[in-house]
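This report refers to the structure that appears directly beneath it.
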Amino acid sequence: MKDRPEALISAEEISRRVAEMGREITQDFEGKQLTLVGVLKGAFVFMADLIRHISLPLHCDFLRVNSYDAHGQSSTIRLEFDLTQPIEGQHVLLIEDILDTGKTLHFILSHLRTKNPASLTVCCLLDKGLNPDLAKEVRYVGFKAPRTYLVGYGLDLAGEYRELPYVARVDLKKP
Ligand code: IMP
Ligand code: MG
């Protein structure tokens, strides 16, 4: 069995920050109903925790894009599956795990805008800060992240490590 990588952002830090983000979202959208759209698979752990800190009526839906191959290398972005319900006229909060080059987010935002939501707001757990222009589109960021490959709390490397309760750095060069 592989060693568990060391925590970069601890479970406690994540839990505190996620609760804070939930409170902020609750205040900002007071009196509104939200539709949360999670980007699978990476955002599912974050989204599951976050919704339990949002005190508003909300619906959840998911989409899946595939922009990374099994080795963590960037390739073409494809929509693997789409939302199950229309979002026209709804306040949509997009939940992403991590913002790297921003290409995935750009693709998803363009796609969702064609569905005419009343508003479209982005909430991301981690931001590597590589794309300041796109970062302006992201209202909620959990943590600034280093520009290295991260795993845990939903994030994977070739399907592994999603179950770690914390975020860790992995060395892609190691076998
Ligand atoms: P971008 O299109 O370069 O911004 O990449 C964003 C997507 O790639 C995210 O939604 C993640 O699924 C994945 N990704 C980017 N960086 C990492 C990382 O460090 N660990 C795990 N997944 C990542
Ligand atoms: Mg993702």
Side-chain angles (χ1 to χ4, degrees), residues 2-11 13-14 17-18 21 25 35-51 60-84 87 92-115 117 120-175:
K2 278 189 197 165
D3 288 341
R4 273 159 72 99
E6 220 178 288
L8 176 73
I9 308 171
S10 71
E13 281 174 272
I14 295 171
R17 182 69 188 119
V18 171
M21 292 169 92
I25 292 165
T35 301
L36 268 72
V37 171
V39 183
L40 293 174
K41 298 173 190 174
F44 84 104
V45 177
F46 173 42
M47 183 161 158
D49 283 345
L50 183 68
I51 56 169
C60 293
D61 208 342
F62 299 90
L63 52 74
R64 173 154 165 81
V65 289
N66 198 346
S67 46
Y68 277 70
D69 66 21
H71 308 285
Q73 298 298 307
S74 193
S75 56
T76 328
I77 304 171
R78 276 182 302 125
L79 184 69
E80 287 207 330
F81 59 78
D82 203 350
L83 305 181
T84 57
I87 53 166
V92 172
L93 183 62
L94 182 73
I95 312 295
E96 248 289 39
D97 53 359
I98 188 163
L99 194 60
D100 189 349
T101 63
K103 280 187 208 151
T104 306
L105 182 64
H106 180 77
F107 175 89
I108 294 170
L109 288 176
S110 311
H111 173 67
L112 292 179
R113 282 190 181 116
T114 65
K115 296 173 183 279
L120 180 57
T121 307
V122 183
C123 174
C124 202
L125 178 70
L126 298 155
D127 179 10
K128 290 190 189 172
L130 283 172
N131 193 329
D133 287 337
L134 209 60
K136 287 186 208 126
E137 302 244 28
V138 186
R139 191 185 309 173
Y140 308 100
V141 176
F143 300 92
K144 286 199 176 121
R147 295 173 183 187
T148 52
Y149 203 81
L150 302 173
V151 295
Y153 199 67
L155 292 124
D156 77 308
L157 174 62
E160 289 187 57
Y161 301 115
R162 292 194 200 276
E163 73 284 7
L164 293 179
Y166 51 81
V167 171
R169 204 194 293 258
V170 281
D171 186 350
L172 290 180
K173 278 172 251 126
K174 275 195 196 157

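One-based numbering, in listed order, for ligands and for the atoms of each. Everything numeric here is computed off the predicted structure, so don't read it as measured data. Both backbone and side-chain heavy atoms feed into the values below; hydrogens, waters and symmetry mates do not.
Distances shorter than 4.0 angstrom do not occur between any heavy atom of Leu157 and any atom of ligand 1. Under a 4.0 angstrom heavy-atom cut-off, Lys128 registers as being in contact with ligand 1. Judged by the shortest distance from any of its heavy atoms, Asp97 lies inside the 4.0 Å radius around the atoms of ligand 1. For the pair Gly42 and ligand 1, no heavy-atom separation below 4.0 Å is found. Within the 4.0 Å heavy-atom shell around ligand 1 one finds Thr148.
Applying the salt bridge (charged side-chain N to carboxylate O under 4.0 Å, His left out) criterion to Lys144, with sequence neighbours excluded, gives no partner residue. With sequence neighbours left out, Arg78 forms a salt bridge (charged side-chain N to carboxylate O under 4.0 Å, His left out) with Glu80.
Ligand 1 places these atoms under 4.0 Å from at least one heavy atom of Thr101: 1 (P), 2 (O), 3 (O), 4 (O). In summary, the atoms of ligand 1 found under 4.0 Å from a heavy atom of Thr104, numbered by their order in the structure, are 1 (P), 2 (O), 5 (O), 6 (C), 7 (C).
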Check your understanding: Step by step, would you call Val39 with Asp97 a side chain to side chain contact (heavy atoms under 4.5 Å, CB included)?
Key -> CA-CA 8 Å; Val39 183; Asp97 53 359; over 6 Å; no
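Considering both main-chain and side-chain atoms, Glu96 comes within under 3.5 Å of ligand 1 through a nitrogen or oxygen pair. Residue Leu150 has at least one N or O atom closer than 3.5 Å to an N or O atom of ligand 1.
Annotation: side chain of Lys115 is in contact with side chain of Leu83 (closest heavy-atom distance under 4.5 Å). Put simply, the side chain of Leu99 does not reach to within 4.5 Å of the side chain of Val141, judged on heavy atoms.
Using modelled atom types, no side-chain atom of Lys128 and backbone atom of Thr101 make a donor-acceptor pair closer than 3.5 Å.
Atoms CG and CG, on Leu50 and Leu125 in that order, are 9.5 Å from each other to the nearest 0.5 Å.
By the criterion of a heavy-atom distance under 4.0 Å, the side chain of Leu155, and not its backbone, is placed next to ligand 1. Only the backbone of Asp156 comes within 4.0 Å of ligand 1, judged by heavy-atom distances.
Of the listed residues (Val167, Ile9, Asp100), just one forms a side chain to side chain contact (heavy atoms under 4.5 Å, CB included) with Leu150, and that residue is Val167.
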